[in-house]
*Asks:* 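Before anything else, here's the structure in question.
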Amino acid sequence: MSFTLARFILTSGISTQAGSTARNHGSLLLTPRARKFTTTAIPLAQKSSEELLVVVGGGAAGVFGAIRAKTLAPNLKVVVIEKGKPLSKVKISGGGRCNVTNGHCTDNLILAEHYPRGHKELRGSFFYTHGPMDTMSWFSDHGVKLKIEDDGRVFPVSNSSSSIIDCLMSEATRLGVSLQTGKAVTTASATSGGKFLIKIEKRTINYVEYVEADYLLIASGSSQQGYSLAAQLGHAIVDPVPSLFTFKIEDSQLAELSGVTFPKVKAKLKLDNVQSNIPQLTQVGPMLVTHWGFSGPVVLRLSAWGARNLFSSGYKGMLVVDFTPDLHIEDVKSILNKHKHQFVKAVNSCPSEFGLVKRFWKYILDRESLSEDLLWASVSNNSLISVASLLKHCTFKVTGKGQFKDEFVTAGGVPLSEIVLNTMESKIHSHLYFAGEVLNVDGVTGGFNFQNAWSGGYIAGTSIGKLAINAYLQEGVL
């Protein structure tokens with residue numbers, strides 16, 4: 001279903017595209033257009049008591065924030081500007097299933113530890129105001145059935161991100177949020193009257209709109225657009241660098257093992273430019289061999305915690321992997337020695353206690369220059385010790401990074417020190433808000449980045465909604 005879109009242009013002494021100058025300050029001009037996912041149009045006539053919120057970005061944080069603000073303040077005009085497709089990251093996340101949040105982190109202090117950038121700052125009011133349980137309740141209350149998988153990831157029961165998208169878009173439509181796509185906010189400045197003058201461009205044609213907004217919420221994800229707007233409004237920007245990526249490994253033999261998985265390894269990332277021992281650069285969990293190196297939760301978590309150091313080192317480092325993390329090295333030696341005396345056949349038989357597939361066991365033997373046709377009786381004790389050491393301390397040279405599917409996440413953005421986290425309001429400009437990945441916050445894989453978006457959008461929307469209600473009531477009194 002399509003609805004009419006509104007064109008809203010500030011005309012206080014500013015020439016329109018046609019070259020005329022309108023005199024009706026803050027007037028709204030209606031331009032009917034049919035677009036997918038649009039909502040009801042902004043009315044032609046704007047009452048003096050009606051304020052305007054412009055949301056930059058139609059992603060999870062922006063749409064959720066818009067919905068929350070409009071829910072609290074029905075009289076508030078809410079317009080979301082999105083240059084691409086709305087909720088595009090929601091659509092592709094989790095392999096198209098949408099990893100909504102993480103259901104295993106009910107303790108907010110533990111939850112905050114899953115954010116390499118933000119783990120200290122987010123221990124306060126942020127998740128207490130709106131955490132994973134609140135997110136799950138919100139979607140459940142709006143008709144989306146959810147499930148928590150064994151690793152804590154939360155997905156819709158439908159296993160389709162469309163369930164999340166349809167829910168958000170339906171609620172936005174029901175409330176009267178206007179979503180305008182194919183447009184980009186290119187400039188923003190604070191006016192002497194405490195509002196924001198915003199320039200909106202449509203790239204496909206020579207088309208410019210000027211809007212004067214009472215509230216501005218920048219929730220543009222990791223796009224340069226949001227960083228530019230924040231800088232224009234006086235905010236610093238922590239240079240964004242990639243986070244959540246796979247490791248490229250220099251090892252031709254390893255490439256032949258593509259598809260081999262390890263349910264549990266212990267991996268440590270060593271970087272030349274990191275002298276201190278950072279606990280988070282050691283991770284435990286599943287790992288996957290790809291045709292270019294390693295992936296899986298362990299690697300993605302290491303990439304997130306080491307994002308800035310990896311960037312500065314040119315994505316060069318050393319990965320040290322323990323393939324038998326639940327066994328002490330003496331236990332590994334004992335198992336190998338027992339296996340040697342139990343079996344006469346070739347060493348291509350791997351002790352079952354290690355849980356390794358035959359292809360990888362052959363790789364270990366090759367690294368120790370042991371032929372798979374060699375009989376166990378011919379293996380020296382020193383060779384057994386070397387194999388045990390390799391299983392517990394196997395090194396790989398990291399030569400670069402890959403990308404984690406299409407789920408690109410960045411470390412960097414507006415510093416959290418410039419934001420009041422219990423309102424998401426800028427410390428530089430009142431009525432300016434931020435939410436989502438435009439901030440210097442990023443989480444590890446497992447639903448944590450979306451939770452940051454839901455929490456930030458909810459808090460910002462709540463703050464804006466409350467201000468709009470008060471303004472409306474004061475206007476009524478006057």
Side-chain angles (χ1 to χ4, degrees), residues 114 116-117 119 241-330 332-333 354-357 359-370 382-383 385-404 409-411 442 444-445:
H114 291 80
R117 265 62 54 183
H119 63 282
V241 300
S243 180
L244 283 189
F245 48 83
T246 57
F247 290 166
K248 291 182 179 179
I249 303 294
E250 193 177 85
D251 189 329
S252 58
Q253 288 180 298
L254 184 67
E256 298 175 3
L257 300 178
S258 179
V260 171
T261 59
F262 303 94
K264 185 180 181 182
V265 301
K266 181 179 181 180
K268 181 175 183 177
L269 181 62
K270 290 187 174 182
L271 302 170
D272 291 338
N273 60 345
V274 179
Q275 302 302 324
S276 60
N277 183 29
I278 302 175
Q280 293 89 349
L281 291 185
T282 298
Q283 295 287 335
V284 177
M287 191 171 74
L288 165 70
V289 181
T290 68
H291 65 273
W292 62 83
F294 287 124
S295 184
V298 158
V299 170
L300 295 174
R301 288 198 292 267
L302 287 173
S303 76
W305 283 102
R308 303 211 74 90
N309 296 115
L310 280 163
F311 176 81
S312 61
S313 70
Y315 299 99
K316 303 292 191 295
M318 194 69 67
L319 187 68
V320 183
V321 183
D322 179 353
F323 290 100
T324 57
D326 294 329
L327 296 172
H328 189 274
I329 189 168
E330 295 303 323
V332 174
K333 292 177 184 177
F354 299 157
L356 303 175
V357 298
R359 289 167 63 199
F360 184 73
W361 177 246
K362 181 181 181 301
Y363 169 84
I364 292 293
L365 296 178
D366 287 342
R367 282 190 55 157
E368 287 302 315
S369 301
L370 295 174
N382 285 338
S383 291
I385 293 172
S386 295
V387 170
S389 297
L390 190 58
L391 287 172
K392 296 295 293 181
H393 194 86
C394 196
T395 60
F396 300 90
K397 186 177 181 181
V398 179
T399 60
K401 72 173 184 67
Q403 187 170 318
F404 178 40
V409 174
T410 57
D442 63 291
V444 299
T445 183

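Keep in mind that the numbers below use all heavy atoms, side chains included, and drop hydrogens, waters and symmetry copies.
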*Asks:* Between Asn309 and Tyr315, do the side chains contain an N or O donor and an N or O acceptor separated by less than 3.5 Å?
*Replies:* no

*Asks:* List the atom of Leu302, the atom of Gln283, and the distance in Å for their closest heavy-atom pair.
*Replies:* CD2-CG, 3.6 Å

*Asks:* With a 4.5 Å heavy-atom cut-off, do Met287 and Val321 have their side chains touching?
*Replies:* yes

*Asks:* How long is the gap from CD1 on Ile249 to CD on Gln253, to the nearest 0.5 Å?
*Replies:* 14.0 Å

*Asks:* Could you tell me if the side chain of His393 sits less than 4.5 Å from the side chain of Val320, heavy atoms only?
*Replies:* yes

*Asks:* Applying side chain to side chain donor-acceptor pair (under 3.5 Å), name anything that partners Lys362, two or more places apart in sequence or on another chain.
*Replies:* Asp366

*Asks:* Shortest non-hydrogen contact from Cys394 to Phe396?
*Replies:* SG-CZ, 3.5 Å

*Asks:* Quick one: closest heavy-atom pair of Trp292 and Phe247, and the distance?
*Replies:* CD1-O, 3.6 Å

*Asks:* Would Phe354 and Phe323 count as a close aromatic pair, with their ring centres under 6.0 Å?
*Replies:* no

*Asks:* Return the minimal non-hydrogen interatomic distance between Ala307 and Pro242, and the atom names on each side.
*Replies:* CB-O, 3.4 Å

*Asks:* Taking all heavy atoms of Thr445 and all of Pro297, pick out the closest pair and write down the distance.
*Replies:* CG2-CA, 4.4 Å

*Asks:* What is the distance from atom CG of Leu281 to atom NZ of Lys270, rounded to the nearest 0.5 Å?
*Replies:* 11.5 Å

*Asks:* Checking Thr282 against Leu269 for the side chain to side chain contact (heavy atoms under 4.5 Å, CB included) test, could you report, in this order, the C-alpha distance in whole Å, the side-chain angles of both residues, the deciding distance, and whether it holds?
*Replies:* CA-CA 6 Å; Thr282 298; Leu269 181 62; over 6 Å; no

*Asks:* What about the rings of His114 and Trp305, do their centers lie closer together than 6.0 Å?
*Replies:* no

*Asks:* About how many Å separate CD1 of Ile329 and OG of Ser389, when rounded to the nearest 0.5 Å?
*Replies:* 4.0 Å

*Asks:* Do the non-hydrogen side-chain atoms of Leu391 and Ile364 ever get within less than 4.5 Å of each other?
*Replies:* yes

*Asks:* Measure from the side-chain N and O atoms of Arg359 to the backbone N and O of Val260, and report whether any donor-acceptor pair falls under 3.5 Å.
*Replies:* no

*Asks:* Below 4.0 angstrom, N of the basic side chain to O of the carboxylate: do Lys264 and Asp326 qualify?
*Replies:* yes

*Asks:* Flag the pair Phe294 / Thr246 as yes when at least one side-chain heavy-atom distance between them is below 4.5 Å, and no otherwise.
*Replies:* no

*Asks:* Where do Leu254 and Asp251 come nearest, in terms of heavy atoms and distance?
*Replies:* N-OD1, 3.0 Å

*Asks:* Do Leu271 and Leu310 have side chains that approach each other closer than 4.5 Å (heavy atoms only, starting at C-beta)?
*Replies:* yes

*Asks:* Please walk me through it: do Val398 and Lys316 pass side chain to side chain contact (heavy atoms under 4.5 Å, CB included)?
*Replies:* CA-CA 5 Å; Val398 179; Lys316 303 292 191 295; over 6 Å; no

*Asks:* Checking Val298 against Val265 for the side chain to side chain contact (heavy atoms under 4.5 Å, CB included) test, could you report, in this order, the C-alpha distance in whole Å, the side-chain angles of both residues, the deciding distance, and whether it holds?
*Replies:* CA-CA 8 Å; Val298 158; Val265 301; 4.3 Å; yes

*Asks:* Please confirm whether the backbone N or O of Leu319 pairs with a side-chain atom of Lys268, one donor and one acceptor, at under 3.5 Å?
*Replies:* no

*Asks:* Do the side-chain N and O atoms of Ser313 and Asn273 include a donor-acceptor pair separated by under 3.5 angstrom?
*Replies:* no

*Asks:* Within the 3.5 Å criterion, strictly below it, is a donor on Tyr363 or Arg367 matched to an acceptor on the partner's side chain?
*Replies:* yes

*Asks:* Is the closest side-chain heavy-atom distance between Pro286 and Thr261 below 4.5 Å?
*Replies:* no

*Asks:* Determine yes or no for a side-chain-to-main-chain donor-acceptor pair under 3.5 angstrom, with Arg301 supplying the side chain and Gly296 the backbone.
*Replies:* no

*Asks:* Evaluate the side chain to side chain contact (heavy atoms under 4.5 Å, CB included) criterion for residues Arg117 and Ser243: first the C-alpha distance (whole Å), next the side-chain angles of each, then the deciding distance (0.1 Å), finally the verdict.
*Replies:* CA-CA 10 Å; Arg117 265 62 54 183; Ser243 180; 3.9 Å; yes

*Asks:* Heavy atoms, side chains only, cut-off 4.5 Å: are Lys333 and Ile385 in contact?
*Replies:* yes

*Asks:* Counting only N and O atoms by type, is there a donor-acceptor contact under 3.5 Å from the side chain of Ser303 to the main-chain atoms of Phe245?
*Replies:* yes

